[in-house]
Every structure is written in structure tokens, then in C-alpha cells.
Amino acid sequence: MAQATVDELQGLTTADGTPLRQALHRAERRAKVRAFLLVAPLLVFLTVTFIYPIAQMLFRSVHDATIVELLPRTAEAFPAWEDRTQLPPESVFAAFAADLKETRENRTIGQVATRVNFEEGGLRSTFTRTARHIDDVEDPPSWRDWLIEDNADWGKLDTWAVLERLSHPINALQYLAAVDLEYNTQGEVVAVPPERQIYVPIFVRTLWMSLLVTGMTLLLGYPIAYFLATLPLRTSNLLMIMVLLPFWTSLLVRTTSWIVILGTEGVLNDILVWAGILSDEGRIQLIYNQTGTVIAMTQILLPFMVLPLYSVMKTISPSYMRAAMSLGAPRFLAFWRVYAPNTLPGVGAGALLVFILSIGYYITPALVGGRTGQMISNFIAFHMQSSLNWGLAAALGGILLAGVLILYALYNRLVGVEKLSLG
Amino acid sequence: MANKNDVLVRFTDVQKSYDGETLVVKNLNIDISRGEFLTLLGPSGSGKTTTLMMLAGFETPTHGDVELSGRRLNNVPPHKRDIGMVFQNYALFPHMTVYENLAFPLQVRKKSKSETEERVKRALDMVQLGSFGNRRPAQLSGGQQQRVALARALVFEPTLVLMDEPLGALDKQLREHMQLEIKHLHEQLGITVVYVTHDQSEALTMSDRIAVFNDGVIQQLATPSDLYERPENAFVAQFIGENNKLSGKVSRLNGANACTVTLDSGGEVEALPVNVGGEGSATTLSLRPERVLIDPPEGTLPNIFDAKVEELIYLGDHIRTRCSVAGSDDFVVKVPNAQGHSRLQEGSQVKLGWAVEDCRALDP
């Protein structure tokens, strides 16, 4: 054995003749299996509660089989419609009439009408009314003429174009809607008229407010973290408790207490009026708008900035500052050139954390956001709970997810995730 | 080299307290000459690092004055003191390359680019790291980091260089190598160095003078040889080198250069009175192990005692021999590993003898 060279290592065996590699593999397998079994419950839990729902949501954002399932004949007949400048041929009309009768019998007409209505407002009543009338009709000479006579909408190219687009189970309609785009009659993708644009402005506002909150938490959190890391243990422990205290208070309580403080008749306005800074009529609106949302979110997310900063600053030896000063740098220059660059991993981690949390923030904007403080997650919740347009909610969520992933990749590229320090 | 007697740093009646109850430094007075290598030596908590920090400007004296080149330093902030400092953990800036680390003190002094470049190059060459400019501190070994820290403290040609246990993190061999290197740099450049360490052999190797600190007070300030051979009190004798202690009472003072001490165990020893009170006062006798002779010829030495060899420890160049003599069973004698040592056996009876001037009677 003592003479074994590197070349011979390939053929090394244990005392009983098993190849060394195999023996090593076998010896390590038990440890690997044990490690896997230990994390298996978490893996199952995450798959069921996290990965599967997200995958399903993302699938829902591009997959919509309502029309294919409920109007199967129509969907099948659409390929016969070749000249898109003309109305579809009689075969499509006939297939549609048959489908419509069936939806009336199966009581599924409501679902069809709702789905179509998301694409083109006003079509709901067209569908439900015609379905009511079609029961009594038996094989007219031309279904096309009968339908157009029943409701002029059936004579419009747009109506059929919408139905045709929905007859493809995989489509990008929800994503187009989520970025304020639509198909025109010619089938081209165009921006919706400015007065109907909703989501792009909301995305921009969400981004802007998140950046603002990130900047504010950094501005407020950096000095706190610095004192936490440099003050004597007894003082810094007290300070740490004050930083963590909000963590232990309910989010709802904290948000509503901001209503008490910032309201028009609230504490802050009362003080300002009492001090003579504001007149009683000139009370400022600090809540139920963007200002209130940013203030409340900054307070709530502050610990997420302070803790990563603190954990990085704690590792920076005080001798760096001393060395810089002994080398001739005044205190501020020493701080700027030597201390601050070493806190960058903490700044990156804190900023990324706060930004990602605030870009998807829901409760606070919902409670104190008013009209101008609403963020994209409030619209996602609206489409999940009120309008029941889950496809659009999924598409909005998908865009948000993609945005966060892109930011994360950008951060990784610029700073490197391995430098991320969350404590 | 500048005149050795030219005082560069002067501490006058300096006191320092952190909590307002105890003094970490009690009434400190030192003059440090230009070009001198002065070491502050002492156990941890003895006030040596505090003294250094007061000189660097990171601690303010509670009382007294610190002067540098005749200028009172008390209200001068650290960055205006023009003092280079090497820290215990080197404190190299991790986000800068070696070159940037060295250029830093020159940049903050607004030196021109060409001068900065030239001076950094010279400093790097001086510590034999000429080709390491583009590396980060983390890519260097401990010894290399140490040299960079040294170069950085010297590159702006400060009037004074402070070193706070700079070799503490290195292994023994490298430490001994660096000790010589720093000593040679000091000799070549003629700089003034104040060096803090708790390692007495390091202090003996490098220093012109050593200030031994204990309990916030300088116990003795002297050259290495004086400190070792002529310690003035029991703490210094014990702290520097190996020492044998015998305690007793002064029974008779025989002029300035001799006294008779009655040991607690009963014997009488002729000793050199260094730091004793009058007759009858308690004293500790200090004896270096290498100054004790085994079986000296009869009548040659005034102090000869019967002893028993308790233990022999073989150390290559000498044999540490632990004996029990005059009531002490921890009396060490160094026997050179020369011919004839082998007659010593554990348990054998020998005679130990020493001269009057090697046996110093110090404070109890």
C-alpha cells in the first residue's frame, strides 16, 4: 500500500478485495439516506403547500379551457373560419347555436358569459339573452341570420374574434391584460386606450413605493444598526429590544395604530394644530394615501433592514476605523472609505429583503392605502376574491414573481449571492 | 541617525481610569528618545495597551500630559498625530488590495499620484512583497499580512511607530523571524518604535529599553540586560526569565553590598541588598537558575547548601534540575549538557552554591 502511486489509486481495493470507490460509496450512502430522511418531511410540506400551488397558479395564468370545454363544437368549427375580415361561415354559427343550447340545459351559460365578459365588457348579457331565446328555435334556415337578428352583437367581427381567441386553451390573453395590452379587430396586439390602462401604472407605482420604502429603511436603519454594533453590550441590548419589539406586535395592530397617529383628526395633526404649525382647516391628509402607506410600511419593514446590517457590522473589527484614523484619515473619511464599503453585503441583503417584501405587500396598503396607496398585490387580491378572474390574478402574480427573480439575478450578477448576509 | 538623547515622546504624570473608581494607569512618567525601540511589557490588564492607545489618540488621559516632539497631544485627534500603528490583528482593509492599503495614508494626505506610486513600491520592496500589490489581504499568509501592515504603518514616514502585539497571531518560528526583521528595519530606518507585548523573550530580543508594567505602574524601565541581570523588584525578577525565590528576613546589613538573610526554613544566606528595608524586614531572594553551581569547591562561595535532586528534565542543550533546598522544593538549576553532568541522579544528594552578587534581596 505504501508504494501506491496516483495511477494505482484507480485500482485500489480494501482488505477484503472490494474496490475502494465502491466501499467508500457504500459507507457514505447510509449517511446520505439519513440526511435525506431528515429533510423529507420539509420537502413534502414545501411541495404540497408551496411549489404545487405556485405551479398551478402559473399554469392557470396561461391555460383557460372554459370555452373549449363548454362550447366544444364551436371550438372545433373555428379552423373553418379562414377569412378573418368576414364573419365566420355558417358552420361556425350552427356549431355555436348547438353549443349554446347545451349550455342552457347544463346551466353552464353563466360561466361562458362571465369568461367572455372579462375580455369584452357587455358581452355577458348578449350571451345570456340569446341563450334564453334559442330554446324555442328549431333549425332555422340560417343560424347566422337568426343570431344576428336576435342580437346585433353576433354580426360584429369583434365578438367572434374574442370567442376564437378564447377557444385556444393555452393563450397569453391574461398576460396581455395584465400589462394593459389587447388584440384589435385585425388581431394585432395594441395598447388599450389610456383611460382603461390600470395595471402598468400600478406596477410602476408598486416599484416606486417599494424603492421609496427600501431607501427610507436604509436611511433610518443604518445608524441604528451602527449603534447596535458599536455601543456597549448593555445599551445595545436595550436598543435591540426596541428594534425587535415591533416584530412581536401584530401587524394589524401596528398598522391600525398608524391610523390613530396619522389620521386627519389623529395625534400628529392635533399636535401640529396645537403647536400652531397648521390651521384647523389646513389639517394634512397623511393616511389613506401613498404617504401613509410608505410611512407605515417603512416602520413595519425596518427590522428587516436593521438585522442584516447589524449582523454584518458586528463582524467589522473596530480596529479598521482606528487603523484608518491612525493612517491620517479624519473620522468621516475613515468611515466612508473603510467602514462603509465593508457594510455593503449587509446593505445589499437588507435592501433586497425589504424590496422583495414590500413589492408584494398587502395588508398595510389595503388598510391605510386609500385609493392612491394601493399596490399590485391589492389588485391580485381583488381578482382572487371579488371579480373571481383567477387567470388575471395569476398573470399579475406571475409578472411579480418574474420581476423579483430578475432582481435577484441582477443582484447575484452585481454583488454575488454568496456575499448576502442575513445574519 | 538622530541624537539618541533627543526626547520625542514624554508622558508626564499620566493617569487613566475607565470607570472613575480604579486607575488602569497610575502616575506614568516616561521619556522616549528619538530613534529608540521601547517595549512596554507586562501581563494582560497591566495598563500597557492603554498607554499605547493614549499615545495613538484612541484613549484620552484622565490626568496628565502626553507630548510628541514638544507638542501637547491631549487634544490632537488621532489622524493629526502622524503616528503609524500596527495592530494586533493587522487591521488591513479587506476590501482594498495591498497596493490600495498602502496608498491609503498617502491619498488622505493628498500626495500626487506619482509620489504615491513610488512610495508604495519602495515600502513593498522594503518588506520583500514587491509583486503582491494586486492581491487582497485575504489571499496572503499571516506573515505576509504582518509585513503589509508594517509597510502601511511606515509608508507615510511617521515620526513614531506604535506596535500592539503585532506578532501575537503568528506561529513560533515565523514570530522569531519577524522579530529580527522588525529589529533590522528599525535599525535601518532609524525610526522610533513603541512596542507592546506580553512575551518577555520578544521584548528582550528587540528592544533598546523595556518598561515592565504591572498593575498600572512601571515596575522597572531598563535595558534588556539590566532587566534580566539586575531586576529591582520581585515582580520583574519573576516576570523576566526564570527565577528561584527564597523568602526570609534581613537579619544583618553589612554595608551597601552585602546583607545576611535568615530564611524562613532557618538557613542563613549572604545576599546583595537591592530593595529591602532595614534589619528585620521581610525579603524575597532572587536567583537565576544558571547562576547556581552544583557541588562547588569548598570555601569558594559564601552560600553553600545541601540539596536533594528531585527531578531531571532533559532539554537538549541543558538539563533542568529541580532540587529541594533550604525549604523550597521548586528550586531550579540549569545544568549545561556538558561532560560530567551524568553523575546527577534523581534522589541523589548534592551541594548548591552561589555568589553574593547573584543573589538579590528584593521586596517581599
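The analysis underlying the following values was restricted to heavy atoms, covering all of them including side chains, and did not include hydrogens, waters or symmetry mates. All chains are named by letter (A, B, ...) in the order of the sequence lines, taking the proteins before the strands, and each is independently numbered beginning at 1.
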I'd like to check the side-chain contact (heavy atoms from CB on, under 4.5 Å) partners of A:Arg254; sequence neighbours left out, ordered by chain and number. A:Pro246, A:Thr249, A:Leu251, A:Gln299, A:Ile300

Contact list (residues 333-342 of chain A to chain B, heavy-atom gap under 4.5 Å, by number) returns A:Leu333, A:Arg337, A:Val338, A:Pro341, A:Asn342

Please say whether more than 12 non-hydrogen atoms of neighbouring residues, nucleotides or ligands are located less than 6.0 Å from NZ in A:Lys314. yes

Other residues, nucleotides and ligands only: do more than 12 of their heavy atoms fall within 6.0 Å of NE2 on B:His95? yes

Please check if the number of heavy atoms outside A:Arg205 that lie under 6.0 Å from its CZ is greater than 12. yes

CZ/A:Phe227: more than 12 non-hydrogen atoms of other groups inside 6.0 Å: no

Pairs of donor and acceptor atoms involving the side chains of residues 317-327 of chain A, under 3.5 Å and at least two apart or interchain, shall be tabulated with distances.
| residue | atom | partner | partner atom | Å |
| --- | --- | --- | --- | --- |
| A:Ser317 | OG | A:Ser319 | N | 3.0 |
| A:Ser317 | OG | A:Ser319 | OG | 2.6 |
| A:Ser319 | OG | B:Asn89 | OD1 | 3.3 |
| A:Ser326 | OG | A:Ala323 | O | 3.0 |

Which salt bridge (Lys or Arg N to Asp or Glu O under 4.0 Å) pairs, counting each pair once, include a residue from residues 60-76 of chain B, with sequence neighbours left out? B:Asp65-B:Arg72

Side chain, backbone, both or neither: which part of B:Gln107 has a heavy atom under 4.5 Å from chain A? side chain

Residue B:Arg81 versus chain A: region with a heavy atom under 4.5 Å: neither

For B:Leu162, is it the side chain, the backbone, both or neither that has a heavy atom under 4.5 Å from a heavy atom of chain A? neither

Is B:Asn134 atom CG crowded by more than 12 heavy atoms from other residues, nucleotides or ligands, each under 6.0 Å away? no

Which atoms of B:Phe156 are under 4.5 Å from chain A, going by heavy atoms: the side chain, the backbone, both sets, or neither? side chain

Given the options B:Pro78, B:Pro94, B:Gly57, which has more heavy-atom pairs under 4.5 Å with chain A than any of the others? B:Pro94

